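Quick notes on the structure that follows.
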Amino acid sequence: MEPQGQKEKAILVGCGPSSHKWEIRSSLEELERLAETSQADVLAKVIQFRDQIDPSWLIGRGKAEEIVQLAEEKAADLVIFDQELSPAQVRNLERLFPCKVIDRTQLILDIFAQRARTREGRLQVELAQLEYMLPRLAGRGKELSRLGGGIGTRGPGEKKLETDRRHIQRQIRVLKRELEEVKKHRQLHHQRRKKMDLIQVALVGYTNAGKSTLLNRLTGSEVYAENQLFATLDPTTRLLQLPSGKKVLLTDTVGFIRNLPHQLVAAFRSTLEQVTVADLLLHVVDASHPEAGEQMEAVEKVLKELGAAHLPILTVYNKADRTDLTPGRETDETSIHISAFDDQDILRLKEKIEQVIFHEQIEGRAEIPVERGEWISALYRSAEILSSKVTELSIQIEFRLPLHEFERLSPELKRYIRT
């Protein structure tokens, strides 16, 4: 991070139709928090309401010149646009402005570059930055050479790779190979955990919803938890003991955010795949946030993109002590209201996790071809068999099993099951 005395001075810019005033202002507020997380001092916020985005400038040329004047008056170090800028828009704006110009995507990538601690995290961030940078190289040698350091230029920018497209393409290939090796290593860990028959629970949610605090409170760990965006970047797994004495693995994951850069989703896909192999997702929501509903939608969108939307989800409305939600009076079996700092609430959450994992039963009927003995054996191992009937071509089985065990069955076997 930049030393406190070296904060960069930033102007934030939002743009969009007047019919979306609330969303634009809300997104710009979030951009301010992101800028502050990246150690910037926000001098001013500018919004232009327009129905059509200018393909050359994003905002109108006249508004751009107004912001240039504002940047000169306030001696701004950078201007941050809330939308992702096209390569042409970046080139035009950089020729006009007396300071750096970056967009929301670059800012988020910059925060990730600061926060990545593990080798895999650093590789993923560098890959995302290089893939963002590659289409934006043409004609930018002079502009990039005068940018210096600071926000939007950390990571591979410091290695002077931006002027050599082929070098960047080679580096991307190298990073992808290295990440593939790391992914194989993690898959071996995952297979070992499956052999130990440990159930896996993953914490997901909007950034700063309280996931790391919850991990610490549930498992007695001391994972870094701070009231800031993307305090956790690298996944952390701890053992969680439930009230019955049974143990499960609990994994904290990177927080999601609206308009999460697609480069990051792609680069972090191997890490985020940990979510897809979980037996249960705990969707942690900051219940006190005025835009909790919108944040939930953003998380659900990413889960869908990852192919994890079908997994069992327990929604944990955290920070309920700051709202009119009453802990312990939920009417929905798939949610719970808690404060992460209340011991009784933590105990209730553990009981709820246990209830969802071990007590939610599915009854079904399977008709499996007799030659698929491995599928028949798998069902007999996992389920309580209520009845069975053998015909010449198949075996018909009525069964009952816990939801988490059903989710573990192979997709091929599930094709022959009706629930």
Side-chain angles (χ1 to χ4, degrees), residues 193 197-227 231-232 235-256 274-289 292-293 295-296 298-300 302-303 308-361 402-405 407:
R193 286 170 178 172
D197 205 29
L198 282 170
I199 288 166
Q200 301 193 57
V201 180
L203 290 158
V204 298
Y206 210 76
T207 183
N208 204 36
K211 297 185 301 301
S212 298
T213 299
L214 209 49
L215 179 83
N216 289 337
R217 294 284 288 137
L218 285 167
T219 65
S221 305
E222 294 184 359
V223 173
Y224 180 67
E226 202 54 58
N227 182 27
T232 302
T236 307
T237 299
R238 296 289 183 268
L239 209 57
L240 164 62
Q241 184 165 319
L242 298 172
S244 66
K246 291 176 180 174
K247 294 177 180 177
V248 300
L249 289 172
L250 183 63
T251 299
D252 188 15
T253 61
V254 60
F256 301 153
Q274 293 184 66
V275 171
T276 67
V277 298
D279 299 292
L280 174 67
L281 302 181
L282 299 186
H283 181 177
V284 184
V285 180
D286 178 356
S288 68
H289 199 285
Q295 294 184 349
M296 289 176 72
V299 172
E300 288 160 7
V302 178
L303 289 177
H310 67 287
L311 295 173
I313 296 178
L314 174 60
T315 305
V316 181
Y317 290 99
N318 190 27
K319 309 182 187 179
D321 51 315
R322 303 183 195 174
T323 72
D324 56 3
L325 295 173
T326 307
R329 292 192 182 175
E330 299 85 9
T331 56
D332 184 355
E333 284 297 310
T334 60
S335 68
I336 185 170
H337 308 154
I338 68 157
S339 164
F341 296 104
D342 186 292
D343 291 342
Q344 284 302 115
D345 284 359
I346 292 299
L347 178 58
R348 286 193 310 108
L349 177 56
K350 288 181 179 179
E351 290 170 345
K352 188 79 170 180
I353 293 169
E354 188 159 52
Q355 175 191 336
V356 172
I357 291 174
F358 295 104
H359 297 290
E360 192 166 346
Q361 300 280 321
L403 178 60
H404 77 274
E405 290 287 357
E407 295 296 343

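In this text, all values refer to a predicted model and were calculated from it rather than measured experimentally.
- Here N318 contributes atom CG and R217 contributes atom CZ; the two are 10.5 Å apart, rounded to the nearest 0.5 Å.
- When each of L250, T251, L215 is tested with L282 by the rule side-chain contact (heavy atoms from CB on, under 4.5 Å), just one qualifies, namely L250.
- Residue pairs meeting the salt bridge (charged side-chain N to carboxylate O under 4.0 Å, His left out) criterion with at least one member in residues 201-213: none, sequence neighbours excluded.
- Among all heavy-atom pairs drawn from P243 and L347, the shortest one is CG-CD1, 4.3 Å.
- For the atom pair OG of S288 and NZ of K319, the computed distance is 5.5 Å after rounding to the nearest 0.5 Å.
- Annotation: the span from L214 atom CG to L203 atom CG amounts to 6.0 Å, rounded to 0.5 Å.
- At distances below 3.5 Å, at least one donor-acceptor pair connects side-chain atoms of R348 with backbone N or O atoms of H337.
- Side-chain atoms of D252 and S212 form a donor-acceptor pair, as typed in the model, at a separation below 3.5 Å.
- Annotation: the span from E354 atom CD to I199 atom CD1 amounts to 9.5 Å, rounded to 0.5 Å.
- With hydrogens and angles disregarded, a donor-acceptor distance shorter than 3.5 Å links the side chain of D345 to the backbone of S339.
- Within the 4.5 Å cutoff, side-chain heavy atoms of L218 are placed close to those of I346.
- Partners of A308 by side chain to side chain contact (heavy atoms under 4.5 Å, CB included), not counting sequence neighbours, listed by chain and number: V275, T276, L303, L311.
- Shortest non-hydrogen contact noted between T213 and A340 is CG2-CB, 4.0 Å.
- For the pair V201 and D279, the minimum side-chain heavy-atom distance is 4.5 Å or more.
- Between the CD1 atom of I357 and the CD atom of Q200 there is a distance of 11.0 Å, given to the nearest 0.5 Å.
- Atom NZ of K352 and atom CD1 of I338 lie 12.0 Å apart (nearest 0.5 Å).
- A 4.5 Å side-chain heavy-atom check between V285 and H283 finds at least one atom pair inside the cut-off.
- Across every non-hydrogen atom of Y206 and V299, the tightest pair is N-CG2, 3.4 Å.
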